[in-house]
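Worksheet: the structure to be examined is printed underneath.
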Amino acid sequence: MSTTSVSPSTLAINGGSPVRSTLLPYGRQSVDDADIQAVVEVLRSDWLTTGPKVAEFEETFAARVGAAHAVSFSSGTAALHAAAFAAGLKPGDEAITSPMTFAATANCVLYQGATPVFADVSLDTLNLDPEQAAGRITPKTRAILPVDYAGHPADLTPIMDIARSKGLMVIEDACHGLGAEYSGRRVGSIADMTAFSFHPVKHITTGEGGMVTTNGPQLAETLRRFRNHGISSDARQRQSAGQWHYEMVLLGFNYRLPDIVCALGIQQLKRLDANLARRREIAAVYTAAFRDIPGVISPVVRAGANPAWHLYPIRLDLEKLTADRAQIFRALRAENIGVNVHYIPVHLHPYYRERFGYKGGEFPAAEDGYTRLISLPMFHGMSDPDVDDVIRAISKVISCFAR
């Protein structure tokens with residue numbers, strides 16, 4: 001009786017054996033015993049919400065990025081919203097940002113009743129193109145929101161120069177960029193305000209959480225009030241002063257980050273340098289391996305930039321392949337490589353199409369990038385065999401679709 005053998009090169013999607021037996025996610029948190037102990041200690045303390053760990057986390061974070069002030073928030077989205085408020089955005093105003101980002105970057109402008117205005121991205125980094133942004137400025141423009149896409153810092157020098165010449169505020173969305181450096185300066189110390197995220201797939205995590213850094217004391221004070229219902233003091237300050245009186249001085253939200261998770265953030269921050277080093281090591285291995293695989297374009301790193309590598313987004317050279325991005329995506333998933341796509345350009349989402357009339361084709365660099373992008377697994381807890389599995393799967397799948 002004869003049996004039919006399956007070639008090792010047969011794709012899993014076609015019945016072959018996958019490269020891995022279990023799914024490797026594109027991102028994942030790393031939590032150790034010291035993290036757990038820090039949280040337990042807070043649970044046994046007098047403060048669970050806005051207590052001493054909040055201030056400790058903020059001060060440590062500000063020192064790490066080289067900013068004068070850091071103000072914590074319940075999420076990266078809340079941080080962006082607060083920055084938009086502190087920048088004074090209001091109905092009738094406009095703010096320029098990139099379409100190649102998560103929707104929260106543009107949504108924070110809408111939360112303030114202002115209008116997000118998109119400008120196309122640079123072809124190499126997929127970050128906001130300063131010339132394109134400059135061309136979108138009108139008398140209504142009040143702010144520019146560059147994005148550190150995938151952890152590569154935005155082109156901040158020309159963006160800051162444009163903003164200064166027009167009297168605009170710069171809010172850097174560095175939710176991908178913690179630990180990145182631009183021209184020798186740490187991200188978080190350059191823009192008027194910089195927003196970070198502590199989602200589990202980021203460089204450090206507090207479960208959910210965010211931070212805004214700034215060198216402006218008045219901006220910092222506005223941010224603190226905004227995250228606490230617009231009240232001019234918090235409960236710990238009132239208890240320390242032995243008084244009850246408080247005043248609401250602006251319309252704010254409850255965007256506070258509690259002591260419980262700030263304790264986690266403090267512990268996680270101790271490992272940031274090690275986390276960044278591991279991500280950079282993985283990126284270097286990927287880039288070296290993909291150099292010899294036709295059809296795969298690795299991310300570009302500009303001179304003077306030191307990315308944080310939140311993501312490792314390859315682009316497919318579709319002209320050298322017989323499949324589109326969707327087919328290759330499905331094939332890699334079948335090999336148990338948890339690839340993802342970042343991002344659908346914001347203006348192409350149904351809400352933005354319906355509200356602002358976008359049809360597609362308005363921002364060709366962002367839209368072309370989207371059709372080719374695949375984010376590979378990238379997190380500091382990946383082992384060397386994990387990295388090898390990703391490279392083997394890419395080689396296996398791409399070779400099957402090569403022209």
Side-chain angles (χ1 to χ4, degrees), residues 18-40 57 60-61 64-65 75-76 102 148-152 174-181 187 196-211 260-290 298-299 301 306-314 329 332-343 373-395:
V19 164
R20 290 176 61 92
S21 59
T22 59
L23 182 71
L24 177 68
Y26 90 89
R28 190 179 187 278
Q29 74 276 9
S30 296
V31 175
D32 67 13
D33 289 342
D35 295 328
I36 294 168
Q37 183 58 37
V39 172
V40 169
F57 185 33
T60 305
F61 192 91
R64 177 59 179 78
V65 304
S75 68
F102 185 59
D148 299 338
Y149 175 73
H152 189 294
C175 290
H176 292 184
L178 178 57
E181 297 175 357
V187 162
F196 296 91
S197 168
F198 308 133
H199 184 275
V201 297
K202 302 294 172 53
H203 305 82
I204 67 170
T205 188
T206 58
E208 290 282 0
M211 192 80 76
I260 297 170
V261 294
C262 283
L264 174 58
I266 293 164
Q267 285 299 125
Q268 289 263 314
L269 200 56
K270 294 176 182 178
R271 301 198 299 278
L272 176 60
D273 287 338
N275 294 351
L276 288 165
R278 178 56 178 160
R279 286 171 179 263
R280 287 166 178 155
E281 181 180 38
I282 294 168
V285 172
Y286 277 165
T287 299
F290 300 149
S298 292
V301 177
N306 189 11
W309 296 110
H310 164 55
L311 302 172
Y312 191 93
I314 62 170
F329 181 95
L332 287 168
R333 280 279 181 152
E335 301 293 338
N336 277 322
I337 304 299
V339 291
N340 211 323
V341 173
H342 300 89
Y343 292 96
L373 283 167
I374 293 182
S375 297
L376 304 185
M378 168 57 79
F379 56 99
H380 40 268
M382 288 177 68
S383 66
D384 289 345
D386 290 336
V387 177
D388 291 341
D389 286 344
V390 175
I391 293 168
R392 287 197 299 125
I394 289 288
S395 180

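Using a 4.5 Å heavy-atom cutoff, the side chains of R271 and D35 are in contact. In this structure the side chain of R64 reaches within 4.5 angstrom of the side chain of L272, judged on heavy atoms. The shortest side-chain heavy-atom distance between Y343 and L373 does not fall under the 4.5 Å cut-off. Looking only at side-chain heavy atoms (C-beta outward), Y312 and F290 come within less than 4.5 Å of each other. Side-chain atoms of M382 and P377, non-hydrogen and from C-beta on, do get closer than 4.5 Å to each other. Contact check for H203 versus H310: side-chain heavy atoms found under the 4.5 Å cut-off. Proximity of V201 to L311: side-chain heavy atoms (C-beta onward) are nowhere separated by under 4.5 Å. With a 4.5 Å cut-off on side-chain heavy atoms, I337 and I394 do not count as touching.
Taking both residues in full, the closest heavy atoms of G179 and R280 are given as O-NH2, 3.0 Å, listed atom of the first, atom of the second, then distance. For S197 against K202, the heavy-atom pair with the smallest separation is OG-NZ, 3.0 Å. Across all their heavy atoms, F196 and V187 have their closest contact at CZ-O, 3.7 Å. Nearest approach of T22 to N336, heavy atoms of both residues: O-CB, 3.4 Å. Among all heavy-atom pairs drawn from Y149 and H176, the shortest one is C-ND1, 3.9 Å. Residues D148 and A174 share a closest heavy-atom pair of OD2-CB, 3.2 Å.
Panel note: side chain D389, backbone D386; no donor-acceptor pair is recorded below 3.5 Å. Between the side chain of Q268 and the backbone N or O of T205, at least one donor-acceptor pair lies under 3.5 Å. Judged by distance alone, the side chain of S375 and the main-chain N or O of V341 form no donor-acceptor pair under 3.5 Å. With hydrogens and angles ignored, the 3.5 Å screen pairs no side-chain donor or acceptor of R20 with any backbone N or O of E335.
Once rounded to the nearest 0.5 Å, the distance linking NZ of K270 with CD1 of I204 reads 12.5 Å. The distance from atom CE of M378 to atom CH2 of W309, rounded to the nearest 0.5 Å, is 6.5 Å. Here L269 contributes atom CG and F57 contributes atom CZ; the two are 6.0 Å apart, rounded to the nearest 0.5 Å.
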Is there a side chain to side chain contact (heavy atoms under 4.5 Å, CB included) between Y286 and I391 once you walk through the steps?
-> CA-CA 7 Å; Y286 277 165; I391 293 168; 4.0 Å; yes
Residue pair F379, L24: steps toward the side chain to side chain contact (heavy atoms under 4.5 Å, CB included) verdict | CA-CA 11 Å; F379 56 99; L24 177 68; 3.9 Å; yes
Would V19 and V390 satisfy side chain to side chain contact (heavy atoms under 4.5 Å, CB included), going step by step from the backbone distance to the final call?
-> CA-CA 8 Å; V19 164; V390 175; over 6 Å; no
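Heavy atoms from other residues, nucleotides or ligands lying under 6.0 Å from CZ of R28 number 12 at most. Taking a 6.0 Å sphere around CG of D33, one finds it holds 12 or fewer heavy atoms contributed by other residues, nucleotides or ligands. For F102, the CZ atom is loosely surrounded, since the number of other residues' heavy atoms within 6.0 Å does not exceed 12.
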